[in-house]
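Comments concern the structure below.
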Amino acid sequence: MSEAIKWNDSLSLGLEVIDEQHKKLLKIVNELICCFDRDDRDHFLKIKFSELREYTVDHFHDEEDYMVKIQYDKITEHKKQHDDLKKQVKSYQASFFHHESITKDQLIEFFRNWLLEHILDHDMSIKTFLVQKEEDDIPADDKEKNSDDETKDDSPK
């Protein structure tokens, strides 16, 4: 199977569960796109659209639970993004079921924009939030000590 969208390390949040879910989303999307090349594509597209919708709902639920757990400050905005993306996937699925024309290229473009933009922009902000939160949790005395340690020259004179 030739992948339309490939995983690479720039997509990693460093959060194992979420990264694995993103990889699975990419796998489902790539399988869905490959269905266009099959003679019996309608049958498999129906299966893959359903799988994608179900997995998207599960993944977004897990991601939102995680954001609540870490007290993510942009959770409302992020949930809206998730809701919009779920609606878009549902719309594509409905178009397929109503035998409206959907091209392989349209789906590839949509999924590239959706997955890559969402992960690289919105999901990466979770990673940035965690890094900032970690820095904010370090007591000021420890920050100064670490700063002093980094600037101290221990080389022999």
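What you see below is based on every heavy atom in this structure, not just the backbone, and it leaves out hydrogens, waters and symmetry mates.
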Least distance between heavy atoms, V29 atom then L52 atom: CG2-CD1, 4.0 Å

S10 side chain to N8 side chain, donor-acceptor N/O pair below 3.5 angstrom: yes

Side chains of L32 and F111 in contact at under 4.5 Å (non-hydrogen atoms): yes

Side-chain heavy atoms of E64 within contact of M67, under 4.5 Å: yes

Sidechain-backbone polar pair: Q106 side chain, T103 backbone, donor-acceptor under 3.5 Å: yes

Presence of salt bridge, D136 and K133, under 4.0 angstrom: no

N30 side chain to I5 backbone, donor-acceptor under 3.5 Å: yes

Residues K23, E20: salt bridge by 4.0 Å N-O rule: yes

I70 and I126, any side-chain heavy atoms less than 4.5 Å apart: yes

H59 versus H22, side-chain donor and acceptor atoms under 3.5 Å: yes

Same apolar cluster: L116 and L15, side chain cutoff 4.5 Å: no

Heavy-atom check, side chain of Q93 versus side chain of S50, under 4.5 Å: yes

F49 and Y92 aromatic centres sub-6.0 Å: no

Hydrophobic cluster membership, F129 vs L11, 4.5 Å side-chain cutoff: no

In one Ile/Leu/Val/Met/Phe/Trp/Tyr side-chain cluster, 4.5 Å: I33, F44: no

Option from K48, R38, K24 for which salt bridge (Lys or Arg N to Asp or Glu O under 4.0 Å) with E31 holds: K48

Check: K87 and K90 side chains under 4.5 Å, non-hydrogen atoms: no

Check: T56 and L85 side chains under 4.5 Å, non-hydrogen atoms: no

Hphob cluster co-occupancy, W114 + L120, side-chain heavy atoms under 4.5 angstrom: yes

K80 atom NZ, neighbour heavy-atom count above 12 within 6.0 Å: no

Atom pair CG (D105) and CZ (F110), whose distance is rounded to the nearest 0.5 Å: 15.0 Å

Within-4.5 Å side-chain heavy-atom neighbours: K69 and D65: no

Worked check of side chain to side chain donor-acceptor pair (under 3.5 Å) between H82 and E63: CA-CA 10 Å; H82 285 172; E63 199 171 271; 2.8 Å; yes

Side-chain donor or acceptor of D121 paired with backbone N/O of E117 under 3.5 Å: no

4.5 Å side-chain heavy-atom contact, Y55 and Q21: yes

Q88 atom CD, neighbour heavy-atom count above 12 within 6.0 Å: yes

Check: H61 side chain, V57 main-chain N or O, donor-acceptor pair, under 3.5 Å: no

Under 3.5 Å side-chain donor-acceptor pair for H78 and D123: yes

Backbone N/O of D9 and side chain of S12: donor-acceptor pair under 3.5 Å: no

Nearest atoms (heavy-atom pairs only) where R53 meets V89: CG-CG1, 3.5 Å

